Amino acid sequence: MSPLDPFGARLRRAMDERGPLCVGIDPHASLLAEWGLDDDVAGLERFSRTVVEAMADRVAVLKPQIAFFERFGSRGLAVLERSVQEARAAGALVLMDAKRGDIGSTMAAYAESFLHPDAPLFSDALTVSPYLGYGSLSPAVALARESGTGLFVLALTSNPEGGEVQHAVRGDGRNIGATMLAHLAGENAGEEPLGSFGAVVGATLGDLSSYDLDVNGPLLAPGIGAQGARPADLPGVFGAAVRNVVPNVSRGVLRHGPDVGALRGSAERFAQEIRAAVGAV
């Protein structure tokens with residue numbers, strides 16, 4: 001296997017050059033309808049190709065949510081394969097939002113599906129769930145290191161239900177979310193300019209100063225836009241780690257489609273606001 005440059009280094013370069021913004025590709029039925037598209041494979045393909053055309057040559061990261069493609073079966077996954085390949089060819093990093101989590105050979109197979117260079121859905125990074133124990137992610141961690149890809153581990157998510165797991169306190173007094181952050185700091189130790197193993201930390205969570213967010217890796221921050229968080233909120237949530245934050249915006253950008261110019265304009269406005277917020281720290 002011929003590895004790419006490590007994902008963390010490629011992500012740092014992309015954020016510095018294009019701005020720290022991740023745009024979701026979330027073709028759920030209501031957005032297809034807003035775009036005047038049918039809720040079928042043809043609508044899915046039109047939506048996805050429009051987003052890629054509008055964004056892939058200018059945003060740092062595109063994040064397809066695999067569930068919205070899987071619901072159309074093999075034809076939906078074929079659309080996703082083409083979208084991933086076209087996005088990467090245009091220069092965007094692709095983060096596959098699949099939130100995979102399992103053990104042993106099953107986790108290894110999930111990792112190979114997205115992180116092996118020969119896989120049809122090969123992506124630059126993958127979201128994963130550590131709630132079968134952080135060690136269950138070992139096959140994905142190993143393949144990511146080998147292939148130059150990255151992982152984003154669910155740590156402190158923006159959904160309110162997440163707290164019943166992530167805020168649970170271990171016997172050593174540290175909660176589960178903090179434990180995941182500590183594991184990631186270990187994975188990224190000594191990496192420059194940025195480690196390849198990131199955390200998912202919601203931008204809607206308010207003051208997180210009680211957590212050590214300096215994991216020397218990226219922090220994917222959902223919640224900007226439709227969920228209520230603003231770019232100006234980022235320094236207050238992430239503190240000194242804000243430079244490593246990758247804010248994710250989905251509906252806030254996608255609602256401007258299907259007009260390519262309007263999509264690009266919305267993404268550019270978010271990127272400018274985020275740059276200004278990050279530069280304020």
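Basis for what follows: all heavy atoms, side chains included, without hydrogens, waters or symmetry-related copies. All values derive from a computational prediction rather than experimental measurement.
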Visitor: Applying ring pair (Phe, Tyr, Trp, His ring centres under 6.0 Å), can you list everything that pairs with F47, at least two apart in sequence or on another chain?
Guide: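 Here the qualifying residues are W35.
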Visitor: Among pairs that include at least one residue of residues 194-233, which meet ring pair (Phe, Tyr, Trp, His ring centres under 6.0 Å), considering only residues two or more places apart or in two chains?
Guide: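 Listed by first then second residue: nothing to list.
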Visitor: Just jot down the side chain to side chain contact (heavy atoms under 4.5 Å, CB included) partners of T157, sequence neighbours excluded, or say none.
Guide: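 Per chain and number, T157 pairs via side chain to side chain contact (heavy atoms under 4.5 Å, CB included) with L154, N159, Q166, V200.
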Visitor: According to side chain to side chain donor-acceptor pair (under 3.5 Å), does anything in residues 189-206 pair up with another residue at least two apart or in another chain? List the pairs.
Guide: none
Visitor: What residues join I103 in its hydrophobic cluster, counting side-chain heavy atom gaps under 4.5 Å, either direct or through other members?
Guide: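 The other cluster members (ILVMFWY side chains, heavy atoms under 4.5 Å, direct or chained) are L132.
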Visitor: Sort and list the pairs that fulfil salt bridge (charged side-chain N to carboxylate O under 4.0 Å, His left out) and have at least one residue in residues 232-242, not counting sequence neighbours.
Guide: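 Salt bridge (charged side-chain N to carboxylate O under 4.0 Å, His left out) check on residues 232-242 returns R230-D233.
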Visitor: Could you pull out all donor-acceptor pairs under 3.5 Å where a side-chain atom in residues 90-99 meets a protein atom, sequence neighbours excluded?
Guide:
{"unit_1": "D97", "atom_1": "OD1", "unit_2": "K99", "atom_2": "NZ", "d": "2.7"}
{"unit_1": "D97", "atom_1": "OD1", "unit_2": "T127", "atom_2": "OG1", "d": "2.9"}
{"unit_1": "D97", "atom_1": "OD2", "unit_2": "K63", "atom_2": "NZ", "d": "2.8"}
{"unit_1": "D97", "atom_1": "OD2", "unit_2": "Q65", "atom_2": "NE2", "d": "3.3"}
{"unit_1": "D97", "atom_1": "OD2", "unit_2": "K99", "atom_2": "NZ", "d": "3.2"}

Visitor: Sequence neighbours excluded, which residues qualify as ring pair (Phe, Tyr, Trp, His ring centres under 6.0 Å) partners of F68?
Guide: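 Residues passing ring pair (Phe, Tyr, Trp, His ring centres under 6.0 Å) with F68: H28.
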Visitor: Test: ring pair (Phe, Tyr, Trp, His ring centres under 6.0 Å). Region: residues 120-141. Which pairs qualify, not counting sequence neighbours?
Guide: Y134-H183
Visitor: Can you run down the ring pair (Phe, Tyr, Trp, His ring centres under 6.0 Å) pairs that involve residues 223-251, sequence neighbours left out, and say none if there aren't any?
Guide: none
Visitor: With sequence neighbours left out, write down each residue that passes salt bridge (charged side-chain N to carboxylate O under 4.0 Å, His left out) with R255, or none if nothing qualifies.
Guide: none
Visitor: Going by side chain to side chain contact (heavy atoms under 4.5 Å, CB included), name the residues that satisfy it together with D39, two or more places apart in sequence or in a different chain.
Guide: A29, L32, R71, F72
